[in-house]
Amino acid sequence: MNLEALLADRLSAALASVAGGPVDPVVRQSQHADFQSGAALALARRLGRPPREVATEVAAKADLAGLATIDVSGPGFLNLTVDDAALAAGVDALDDDRLGVPPVAAPERIVLDYSGPNAAKELQIGHLRSTIIGDALARLLEWLGHEVIRANHLGDWGTPFGMLLEHMADLGGGENEHSLGDLTDFYRAARRKFDEDTQPSVRSGAVAGRSDGGFKARARLRVVALQAGDEPTRALWRRLIEQTERTFLDAYGRLGVTLTRGDFVGESFYQEQLSSVLSELDEQGLLVPSEGALCVFPAGFAGRDGEPLPLIVRKSDGGFGYAATDLAALRHRVRTLGATRLLYVVGAPQRTHFRMVFEVARSAGWLPAGVTAEHIEFGSILGADGKMFRTRAGDNVTLGALLDEAVERASSPAIGIGAIKYADLAGDRRSDYVFDWDRMLASTGDTGPYLQYAYARIRSIFRKAGAEPGPVVLAHPAERRLALALLGFEAAVHAAAGRREPHRLASYLHDLAVAFTGFYESCPILRLAGPYRASRLTLADRTGRTLALGLSLLGIDLPEEM
RNA sequence: GCGCUCGUAGCUCAGCGGAUAGAGCAACGGACUUCUAAUCCGUCGGUCGCAGGUUCGAAUCCUGCCGGGCGCACCA
């Protein structure tokens, strides 16, 4: 049941009849009543009539029988107060698995690109937001009835693999798995060898020496071998990728993220499509040689010096960068996978990149009418000092270490990890946020534990309650407030999914928990007998269902007890 | 330099064209013989960065300025 939509429906009929055409009823929650509409104010101006007069006419024509009462207030607001009987019936009806929310009428096929860590590295805190936000959106959109194709765009290709594979070969070809046991150490060691090799060319080290001379050069050759399909090199590469995929899946499992191995489609997958990306762009006359590279110059992008900014499709050394891969992936997702909507959950700093990619794709005809691409950007996680969140030593924080600390501090995986996820999802994703253990683990306030606690109390009641829930009767103001909150679920889910803003759902759930806690404090249940007890049990039951469903859509677990 | 983005209560943030700007934290004062007090109730606290403009109405839209962040050709 969607109260707002129901009220808006009834009001828009009245508004249309007064205006002689469709008018957006703009029904919103209000402090002055359950809901309000300011539509008459705007309409009055259009009609050149006094606002209160228009409002009065709309109120008179609105058919709200059995649903709400309406009155004109202030300069011409329409205040709507929902009938208690309608509220009670609405809550009674929330007894199915979907809480009365129907699947969308027109499902889309959505490719949702998120997480995207780099192979051969552990997941870092830098991947946390993309993973958490992306997974919440995946769950939400899927639950609403869309077909969601999760795409974990792994960084499994490119220049760093030269040094990684060469280092791996030095260690004995990766025969022994534990050489990759700690990927962070492995990566660091390779990096160190690469950086410490200052020799300008391979020539001086060509005399098979024990010194590591020429590591850099060998790494470069290794990249060439990888891209040329050299089988021993490919075998090393596969081994490395398999190992890292295993560690990613472990981390996703711990985090409670729905990505599976089948969702892993790394950059390597698109390598054989790159030449045709190039040729199609060329056929359309979009490709421009510049300083040795092949570029597209989408309109409206200027660089530091005011010159047009290129999207570099092929580098001057003949290699392909991420722009080419992103274009290939986009084309593949539309053309082969048949997506009607592309979502990229990637940090805000890449905004320009995605604008350019989308613009070029449109020019190339890879984003036809009816297909949309959207960059779901998000801000950074900051430390208490307001700078990027790092360890004391200045290193990136690994996800494993972060989750360990969360579980230790909360002494419960569900609570610790839920706290991290909730903190990430509770604010506007575009804003940076400060990572603060004490705040996110607080049992009071807008936090995961607060919501989980409300749920645990409900479960506790039902462990003790003998009687069955019964029809809702609203007698206490706290019951009414809770009922109203319960009926706001559908609107919250649609707001969150429609704008790809999970915090709309998170903050709804917090409001619901607050309404429940108020009810819990002032409306005893177990002590009662008869219809009021049954009614309150129903209210508690619906709250529990809504919290459980809502939090599951955000990817947050709920303990039965706390 | 150009572009994008953000500046709301001491702190962390909602609100993004509508009625006296909301939460949480912190501070202060209350509430447990009562379904989990990991809770609740109350008080205190804001010229919504500054200045103009559009509008019946602006934290919300436009312009300028100040301040922070990010981006600006071969790393993704």
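Chain identifiers are assigned alphabetically (A, B, ...) following the order of the sequence lines, protein sequences preceding nucleic acid strands; residue numbering begins at 1 within each chain.
Checking B:A76, B:C4, B:U36 against every side-chain atom of A:Arg457, the shortest atom distance belongs to B:U36. The side chain of A:Met562 sits closest to B:A38 out of B:C40, B:A19, B:A38. Between B:A73, B:A76, B:U39, one nucleotide has an atom nearer to the side chain of A:Glu521 than all others, and that is B:U39. Listed nucleotides: B:A19, B:G1, B:C35. Nearest to the side chain of A:Ser460: B:C35. Taking the side chain of A:Arg463 as heavy atoms from C-beta on, and the options B:U36, B:G18, B:C25, the nearest nucleotide is B:U36. Side-chain proximity of A:Leu309 to B:A37, B:C4, B:C72: nearest is B:C72. Among B:G71, B:A23, B:C72, the nucleotide with an atom closest to any side-chain atom of A:Pro349 is B:G71. Comparing B:A73, B:C35, B:C40 by their closest approach to the side chain of A:Pro524 singles out B:C35.
In this structure, the side chain of A:Thr81 does not engage the main chain of A:Thr69 through any donor-acceptor pair within 3.5 Å. Of the possible donor and acceptor atoms, none in the side chain of A:Ser290 sits under 3.5 Å from a partner among the backbone N and O of A:Ala293.
A salt bridge is defined here as a Lys NZ or Arg NE, NH1 or NH2 lying under 4.0 Å from an Asp or Glu carboxylate O, and A:Arg480 with A:Asp34 meets this definition. Salt bridge annotation for A:Arg409-A:Glu405: present, with a cationic side-chain nitrogen under 4.0 angstrom from a carboxylate oxygen. Ion pairing of A:Glu377 with A:Arg430 is absent here, as no side-chain N (NZ or NE/NH1/NH2) approaches a carboxylate O to less than 4.0 Å.
Rounded to the nearest Å, the gap between the P atom of B:A9 and that of B:A51 is 16 Å. Comparing the P positions of B:G45 and B:C40 gives an interatomic distance of 23 Å, to the nearest angstrom. A gap of 26 Å separates the C1' atoms of B:G68 and B:A76, to the nearest Å. B:C13 and B:C35 are spaced 33 Å apart, taking the C1' atom of each and rounding to whole Å. When the C1' atom is used for both B:G53 and B:G17, the distance is 16 Å, rounded to whole Å. Here, B:A37 and B:A31 have their C1' atoms 9 Å apart, quoted to the whole Å.
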Taking only nitrogen or oxygen atoms into account, show me every contact under 3.5 Å that the protein makes with nucleotides 10-17 of chain B, one pair per line with its distance.
residue, atom, partner, partner atom, Å
B:U12, O4', A:Arg439, NH1, 2.9
B:U12, O2', A:Arg439, NH1, 3.4
B:C13, OP1, A:Asp432, O, 3.4
B:A14, OP1, A:Asp428, N, 2.9
B:A14, OP1, A:Ser431, OG, 3.3
B:G15, OP1, A:His503, NE2, 3.1
B:G15, OP1, A:Arg504, NH1, 3.4
B:G15, OP1, A:Arg504, NH2, 3.1

task = Test A:Tyr344 against A:Ile376 for side-chain contact (heavy atoms from CB on, under 4.5 Å), laying out the working first.
result = CA-CA 5 Å; A:Tyr344 295 80; A:Ile376 310 298; 5.9 Å; no

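Residue contacts shown for A:Gln31 are limited to sugar-phosphate atoms, with no base heavy atom under 4.0 Å away.
Rounded to the nearest 0.5 angstrom, A:Asp156 CG and A:Leu240 CG are separated by 9.5 Å.
With hydrogens and angles ignored, a donor-acceptor pair closer than 3.5 Å exists between the side chain of A:Arg527 and the base of B:U34. At a cut-off of 3.5 angstrom, the base of B:A19 holds at least one donor-acceptor pair with the side chain of A:Gln36. Side-chain atoms of A:Asp305 stay outside donor-acceptor range of the base of B:A73, with no qualifying N/O pair under 3.5 Å. Between the side chain of A:Ser73 and the base of B:A19 there is at least one donor-acceptor pair of N/O atoms closer than 3.5 Å. No donor-acceptor contact under 3.5 Å links the side chain of A:Tyr453 to the base of B:A38.
You cannot call A:Tyr450 stacked on the base of B:A38; the centres under 5.5 Å and planes under 30° rule is not satisfied.
Residue pairs that meet the salt bridge (charged side-chain N to carboxylate O under 4.0 Å, His left out) test with at least one member in residues 506-523 of chain A, sequence neighbours left out, are A:Arg457-A:Glu521.
In this structure B:G17 sits in no base pair that meets the Watson-Crick or G-U test at under 3.5 Å. With a cut-off of 3.5 Å on both pairing distances, the Watson-Crick or G-U wobble partner of B:C11 is B:G24. Within the shown strands, B:C72 is the pairing partner of B:G1 under the Watson-Crick or G-U definition, both distances less than 3.5 Å. Nucleotide B:G64 forms a pair with B:C50, judged by Watson-Crick or G-U wobble geometry with both contacts under 3.5 Å. If you check B:A59 for Watson-Crick or wobble pairing at under 3.5 angstrom, you find it has no partner at all. Across all strands shown, B:C44 has no partner, as no Watson-Crick or G-U wobble contact with both distances under 3.5 Å is found.
In this structure B:C40 sits in the anti conformation; its chi angle is more than 90° from 0.
For A:Gln29, the CD atom counts as loosely surrounded, since its 6.0 Å shell holds 12 or fewer non-hydrogen atoms of other residues, nucleotides or ligands.
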